[in-house]
2 protein chains.
Amino acid sequence: MSKLNPLLHQELRLSIVSFLAGVETADFKKLMEVTQATKGNLSVQISKLQKAEYITIAKSFKGSYPHTNCALTPKGEKDFEIYLKELKELLNI
Amino acid sequence: MSKLNPLLHQELRLSIVSFLAGVETADFKKLMEVTQATKGNLSVQISKLQKAEYITIAKSFKGSYPHTNCALTPKGEKDFEIYLKELKELLNI
DNA sequence: GTAAACTAGTTTACATTATAAACCAAATTG
DNA sequence: CAATTTGGTTTATAATGTAAACTAGTTTAC
């Protein structure tokens with residue numbers, strides 16, 4: 001019984017990481033779109049992922065508006081894979 | 001983005017349901033053994049699963065000691081399958 | 001040129017949830 | 001008969017999740 005990584009075993013964060021694992025980079029707007037989360041929730045959860053060094057958050061300006069770009073780090077990728085492996089074991093899939 | 005069933009998307013409850021899906025019946029002791037959870041936590045979580053009609057909890061006596069037996073209901077089984085399907089979609093697996 | 005509405009987020013207050021410690025009742029053991 | 005064990009439940013606290021409220025600036029319309 002290896003405990004599932006609690007940072008990843010949460011729907012919104014899992015959605016974010018899973019999506020980033022496929023595309024390697026996505027902005028705030030895109031993440032809102034694919035996850036259907038509220039701005040507040042998304043903001044909080046990407047911060048947690050960043051604190052854990054699972055993603056990088058790059059802030060810049062696109063025209064005059066702020067723009068936030070997220071990408072998975074190698075650490076995030078690795079721990080996501082471990083999570084997947086352990087989840088599959090738990091669920092026998 | 002179909003939201004993952006929050007009752008099932010919790011490690012201990014998921015472990016319980018996943019295990020019961022394989023065996024169809026297990027007692028408290030067995031569930032403690034396979035999940036490695038504390039008694040208190042296990043007690044709380046099986047109660048929640050029972051309230052949701054995902055499992056049945058049958059109390060009896062085995063010799064002189066109380067004995068609690070759990071089994072998945074058809075509803076639990078069905079929602080577990082739906083959860084699995086949606087989880088796989090989310091994770092592309 | 002200024003009020004209203006929009007973009008792009010962050011902060012924070014509240015509600016929900018999870019968890020283990022404390023508890024309980026009965027049985028066993030020494 | 002006191003201490004320990006079995007088989008749990010209750011509950012207090014901590015941790016977490018979430019959306020509403022807020023910030024800061026931009027664009028549009030009058």
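Residue numbers begin at 1 in each chain, while the letters A, B, ... track the order of the sequences.
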What nucleic acid atoms does B:Ser64 come within less than 4.0 Å of, heavy atoms only: base, sugar-phosphate, or nothing?
-> sugar-phosphate

Would you check, one step at a time, whether the test salt bridge (Lys or Arg N to Asp or Glu O under 4.0 Å) holds for B:Lys78 with B:Glu81?
-> CA-CA 5 Å; B:Lys78 189 185 144 217; B:Glu81 271 171 43; over 6 Å; no

Determine: side-chain N/O of B:Arg13 to OP1/OP2 of C:dA18, distance under 4.0 Å, yes or no.
-> yes

Has the side chain of A:Ser43 got a donor or acceptor atom that lies under 3.5 Å from a matching backbone atom of A:Lys39?
-> no

Mind calculating the distance between CD (B:Gln45) and P (D:dT9) to the nearest angstrom?
-> 12 Å

For atom CG of A:Asn41 and atom P of C:dT16, their distance in whole Å = 16 Å

Proximal nucleotide (of D:dT10, D:dT9, C:dT10) relative to the A:Phe28 side chain = C:dT10

Side-chain N,O (A:Lys48) to OP1/OP2 (D:dG17) below 4.0 Å | yes

A:Thr25 versus A:Asn69, side-chain donor and acceptor atoms under 3.5 Å = yes

Below 4.0 angstrom from OP1 or OP2 of D:dT9, is there any side-chain N or O of B:Lys59?
-> yes

Rounded to whole Å, CG of B:Asn5 lies from P of C:dT17 at a distance of 12 Å

Does A:Thr38 place a side-chain N or O at less than 4.0 Å from the phosphate oxygens OP1/OP2 of D:dT18?
-> no

Per B:Lys3 side chain, nearest of listed nucleotides D:dT18, C:dT19, C:dA8 | D:dT18

Write down the distance between CG (B:Leu31) and P (D:dG7), rounded to a whole number of angstrom.
-> 13 Å

Counting side-chain heavy atoms from CB outward, which of D:dT10, C:dA8, D:dG7 is closest to A:Pro66?
-> C:dA8

Could you state the atom-to-atom distance from NZ of B:Lys39 to P of C:dA22 in whole Å?
-> 13 Å

Gap between atoms CG and C1', on B:Leu42 and D:dG8 respectively (whole Å) = 10 Å

For C:dC23, which nucleotide is its Watson-Crick or G-U wobble mate, given both distances must be under 3.5 Å?
-> D:dG8

When you get a sec, tell me which of C:dT12, C:dG9, D:dG8 is the closest nucleotide to the side chain of B:Thr68?
-> D:dG8

Counting only heavy atoms not in A:Lys75, do more than 12 sit closer than 6.0 Å to its NZ atom?
-> yes

Sidechain-backbone polar pair: B:Arg13 side chain, B:Lys48 backbone, donor-acceptor under 3.5 Å | no

Report yes if some heavy atom in the side chain of A:Phe19 is under 4.5 Å from a heavy atom in the side chain of A:Thr35; otherwise report no.
-> no

When the nearest nucleotide of DNA chain D is assigned to A:Ala37 and to A:Gly63 on a heavy-atom basis, which residue is associated with the more 5' position?
-> A:Ala37

Using atom CG of A:Asp27 as one end and atom P of C:dT7 as the other, report the distance to the nearest whole Å.
-> 14 Å

Whole-Å distance between C:dT11 P and A:Ile46 CD1?
-> 11 Å

If you check every side-chain atom of B:Tyr65, which of D:dG7, C:dT19, D:dA19 has the closest atom?
-> D:dG7

Closer than 4.0 Å, any side-chain N/O of B:Gln10 to the OP1 or OP2 of C:dT17?
-> no

